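Note that this is a predicted model, so its numbers are computed, not measured.
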Amino acid sequence: MSTKRLLSTADFHAIPPIIRNSLQWAHNSTAQSNTPFLPKGPSVLATNLIKSYSERGLIKEARILFDEMPERDVVAWTAMIAGYTSCNHYSHAWAMFCEMVRNGVEPNAFTLSSALKGCKSMKALSYGALVHGLAIKHGMKESMYVNNALMDMYATCCVSMDEACMVFQEIDVKNAVSWTTLITGYTHRGDGYGGLRVFRQMLLEEAELNPFSFSIAVRACTSIGSYTLGKLIHSAVITHGFDTNLPVMNSILDMYCRCGCLSEANQYFHEMNEKDLITWNTLITGYERLDSTESLHIFSQMESEGFSPNCFTFTSVTAACANLAVLNCGQQVHGGIVHRGLDGNLALANAVIDMYAKCGSISDSRKVFSEMTCRDLVSWTTMMIGYGAHGYGKEAVELFDEMIRSGIRPDKIVYMAVLSACSHAGLVDEGLRYFKSMVGDYNITPNQEIYGCVVDLLGRAGRVEEAYELIESMPFKPDESVWGALLGACKAHKLPNLGKLAARRVLDLRPNMVGTYVMLSNIYAAEGKWGEYANMRKLMRGMGSKKEAGRSWIEVRDQVYSFVVGDKMGSHIKWVYGVLDLLIWHMKEAGYVPDLDCLIHDQEDAT
DNA sequence: GTAGGGTTAG
């Protein structure tokens, strides 16, 4: 029997030689399975090969081999189901499982835990529950593997942790995997406190601790942003001797970064005697959020130390370029992405769209967006936010409609993007139509942010009374962002009475917002109520707080210069003022009249 | 011969 008969010649030669040889050997052996050395019945070698193929991503070859097997037992079926799961072909895994049951092959604990892993990945609760039923039917409630897989599936697919906890409680003797699966269930759904509660219980019951339990416990601290608890667990990691385990160290590094302790993160990073790509990515990502310039330095350091960046690295580096609005650098990074063939990665392409938009090149955003072979909700949303920020409301609206036509279900965030774009482009009626459709067609309940967008939409267009009526009709108490949107509209359209009311509401909810005092005092000043004005100013001085100075930045000859009003930045200032003069000239040409009143009052004593 | 939990992006 020739192996080549199984596959086309081209396919056969595409297989790595080491596999090709073993395949040849295995086929020769199975062909001689009537020799006394090999057992009759399903081929053990073929099953091994199915696993071998799947591990190397050669799932099609595994399937061909499976189909050629004259007899298939439960082990062969399970190898095939697990193979599909490990190659992320979950629906195939499920189809295979169903076919196996239909063929009358009785599943064992291996089969059920493999099938459950597929259900978890597909978030298919009904399939998972079916497997649970089969586990009970076939008397496999005692299998630790099945129970742990059931917990994992329920924790991932259910709205609450109740079902996973129920399975957990029914396990007589829990092992380390049972505990960590439960903690992971809580932590991955954002309930770090729940995860830490289980971790504490694990310590109280003196369950076996291993690196897995510590890395997830650290992750739980990170998710609640608790530096204190994180530090405590870090000490426990050292006490238990897991401080040389790389995933544990990486999660600790991530904890320091996300808790905003960059100097501690940096120190910890330099003390680590082993580092992998995740270590570098974690640090780069941590710096990207708080100090983008430094994150780019770390990136170049990483490359000089011989690490090759992956999708995660590039996503953070691209975001850093976006934060800094450095087009030239962003273009180079994009070049690196294409050069390494990573431009097909969805999340990375989304980051590139965002980067070009934030660096001012919306046409490049659109180019990347158009060339994507598959797009998710984030891709469409990012593109719409970009259009909105550039004032292209019509394009954003068209994109939204195109997205709906392509069958993507909108969420609150994409509605915020399109509403904000409508707002900035004065497309009031379109925006209101989307707001109605969101509630009517998609059953999305508007939250504070959405109401804030619609108030802004009406307010900017001068329909301030309508905006106020909308606020009055809200089914819950409006927060300061909603009142803030109304206040902005009152200021722009010179409505002192409604403006005072809005400002009072904002101050009730956020008494420390100095900007609101500035706006309120300016309203009094505009009305000539100097006594009230003086009271406001006195209040602000009493608070001792400062209004954050408005910072601007500009890219001149591949350098980004950041500055505030009246800044003197040394010799480079002449470049900046040169470009600013040009911009001001263009703005005046376009008929722009600056709102100098507020500027004077802002500067007087608030900066 | 087949099965498990942890760390990085959006």
Side-chain angles (χ1 to χ4, degrees), chain A residues 26 39 41-52 54 72-83 85-86 107-118 120 140 143-153 155 175-185 187-188 195 210-220 222 242 245-255 257-258 276-286 288-289 309-320 322 342 345-355 376-379 381-382 413:
Chain A
S43 165
V44 170
L45 286 163
T47 309
N48 267 330
L49 271 172
I50 289 172
K51 192 188 175 203
S52 220
S54 316
R72 304 172 196 104
D73 63 357
V74 63
V75 183
W77 280 97
T78 304
M80 200 60 232
I81 294 166
T85 309
S86 68
N108 62 19
F110 288 79
T111 325
L112 296 190
S113 52
S114 300
L116 284 167
K117 193 179 178 182
K120 172 206 166 180
M140 271 175 289
S143 162
M144 192 65 92
Y145 277 94
V146 173
N147 281 322
N148 292 342
L150 276 171
M151 273 171 52
D152 200 9
M153 182 277 295
N175 69 3
V177 182
S178 321
W179 285 100
T180 47
T181 305
L182 193 65
I183 300 170
T184 307
T187 309
H188 280 181
N210 63 20
F212 286 82
S213 35
F214 276 105
S215 46
I216 191 63
V218 174
R219 183 76 185 81
T222 309
F242 295 127
N245 180 283
L246 198 47
V248 173
M249 290 194 283
N250 287 340
S251 61
I252 291 169
L253 181 67
D254 185 47
M255 183 270 294
C257 287
R258 286 198 209 231
D276 65 0
L277 189 52
I278 296 180
T279 317
W280 284 96
N281 288 348
T282 304
L283 194 72
I284 290 169
T285 308
E288 177 267 306
R289 289 183 280 252
N310 68 1
C311 301
F312 285 83
T313 328
F314 275 119
T315 305
S316 297
V317 170
T318 306
L342 297 171
N345 182 280
L346 184 56
L348 185 49
N350 293 344
V352 173
I353 294 174
D354 190 50
M355 180 274 293
D376 65 0
L377 190 54
V378 179
S379 326
T381 308
T382 309
I413 301 172

Q: Examine the base of B:dG5 for any acceptor or donor lying under 3.5 Å from a partner atom in the side chain of A:Thr181, and report the outcome as yes or no.
A: no

**Q.** Under 3.5 Å donor-acceptor pair, A:Asn245 side-chain atoms to B:dG6 base atoms
**A.** yes

Q.
Hydrogens and angles aside, do A:Ser215 and A:Ser251 bring a side-chain donor and acceptor to less than 3.5 Å of each other?
A. no

Q. Counting side-chain heavy atoms from C-beta on, which of B:dA9, B:dT2, B:dG5 comes nearest to A:Phe110?
A. B:dT2

Q: Taking A:Asp254 for its side chain and A:Cys257 for its backbone only, find out whether a donor-acceptor pair lies under 3.5 Å.
A: no

Q) What about A:Asn250, does its side chain sit under 3.5 Å from the base of B:dG6 through a donor-acceptor pair? A) no

Q: Return the nearest nucleotide to the side chain of A:Asp152; candidates are B:dT8, B:dG1, B:dG5.
A: B:dG5

Q | Rounded distance (nearest 0.5 Å) linking atom OG1 of A:Thr85 with atom CE of A:Met80 | A | 9.5 Å

Q: Answer with base, sugar-phosphate or nothing: what part of the nucleic acid does A:Asn310 contact at a heavy-atom distance below 4.0 Å?
A: nothing

Q) Between A:Lys51 and B:dG1, is there a side-chain N or O to OP1/OP2 distance below 4.0 Å? A) no

Q.
Just to be sure I understand the rule, does A:Arg258 reach a base, reach only the sugar-phosphate, or reach nothing, if contact means heavy atoms closer than 4.0 Å?
A. sugar-phosphate

Q.
What contact category does A:Asp354 fall into here, base, sugar-phosphate, or nothing, at under 4.0 angstrom with non-hydrogen atoms?
A. nothing

(Q) So, applying side chain to side chain donor-acceptor pair (under 3.5 Å) with A:Asn310, which one of A:Asn281, A:Asn345, A:Thr315 is it? (A) A:Asn281

Q | Partner set under side chain to side chain contact (heavy atoms under 4.5 Å, CB included) for A:Ala319, not counting sequence neighbours | A | A:Glu288

Q | Rounded distance (Å) that lies between atom P of B:dG1 and atom CG of A:Asp73 | A | 12 Å

**Q.** Out of B:dA9, B:dG6, B:dG1, whichever nucleotide has its closest atom nearest the side chain of A:Ala76
**A.** B:dG1

Q) Starting at CG of A:Asn210 and ending at C1' of B:dG6, how long is that distance when rounded to a whole Å? A) 9 Å

Q. Within this structure, what is the CG-to-P distance between A:Leu348 and B:dT8, rounded to whole angstrom?
A. 18 Å

Q: Using a 4.0 Å heavy-atom cut-off across all strands, classify A:Ala217 as base, sugar-phosphate, or nothing.
A: nothing

Q) Can you find a donor-acceptor N/O pair under 3.5 angstrom joining the side chain of A:Ser113 to the base of B:dA3? A) yes

Q. How long is the line joining CZ of A:Phe314 and C1' of B:dA9, in whole Å?
A. 13 Å

**Q.** Out of B:dG6, B:dG1, B:dG4, whichever nucleotide has its closest atom nearest the side chain of A:His188
**A.** B:dG6

Q | Touch class at under 4.0 angstrom, heavy-atom based, for A:Met249 against every strand present | A | nothing

Q.
Test of understanding: with ring-ring contact (aromatic ring centres under 6.0 Å, His included), list the residues that count as partners of A:Phe242, not counting sequence neighbours.
A. A:Phe214

Q) In a check of side-chain contact (heavy atoms from CB on, under 4.5 Å) between A:Val75 and each of A:Asn48, A:Ile50, A:Thr47, which one passes? A) A:Thr47

Q) Between B:dT8 atom P and A:Leu246 atom CG, what is the distance in whole Å? A) 13 Å

Q: Provide, to the nearest angstrom, the distance between the CZ atom belonging to A:Phe242 and the P atom belonging to B:dG6.
A: 16 Å

Q: Round to a whole Å and report the spacing from CG of A:Asn148 to P of B:dG6.
A: 12 Å

**Q.** Among B:dG5, B:dT2, B:dA3, the one nearest A:Ala79 by side-chain distance
**A.** B:dT2

Q.
On the nucleotide B:dG5, are OP1 or OP2 found under 4.0 Å from the side-chain N or O atoms that A:Arg219 carries?
A. no

Q: Would you indicate what A:Asp376 reaches in the nucleic acid, counting non-hydrogen atoms under 4.0 angstrom: base, sugar-phosphate, or nothing?
A: nothing

Q. NA contact type, A:Leu346, heavy-atom cut-off 4.0 Å: base, sugar-phosphate, or nothing?
A. base

(Q) Measuring from the side chain of A:Asn281 (C-beta onward, heavy atoms only), which nucleotide among B:dG1, B:dT8, B:dT7 has the closest atom? (A) B:dT8

**Q.** A:Asn108 side chain, from C-beta outward: closest of B:dT2, B:dA3, B:dA9
**A.** B:dT2

**Q.** Distance in angstrom units between A:Ile252 CD1 and B:dT7 C1', rounded
**A.** 10 Å

Q: Scan A:Asp276 against the nucleic acid and name what it touches under 4.0 Å (heavy atoms): base, sugar-phosphate only, or nothing.
A: nothing

Q) When all nucleic acid strands are considered with a 4.0 Å heavy-atom cut-off, which category describes A:Val248: base, sugar-phosphate, or nothing? A) base

Q. Contact class for A:Asp254 vs. all strands (heavy atom < 4.0 Å): base, sugar-phosphate, or nothing?
A. sugar-phosphate

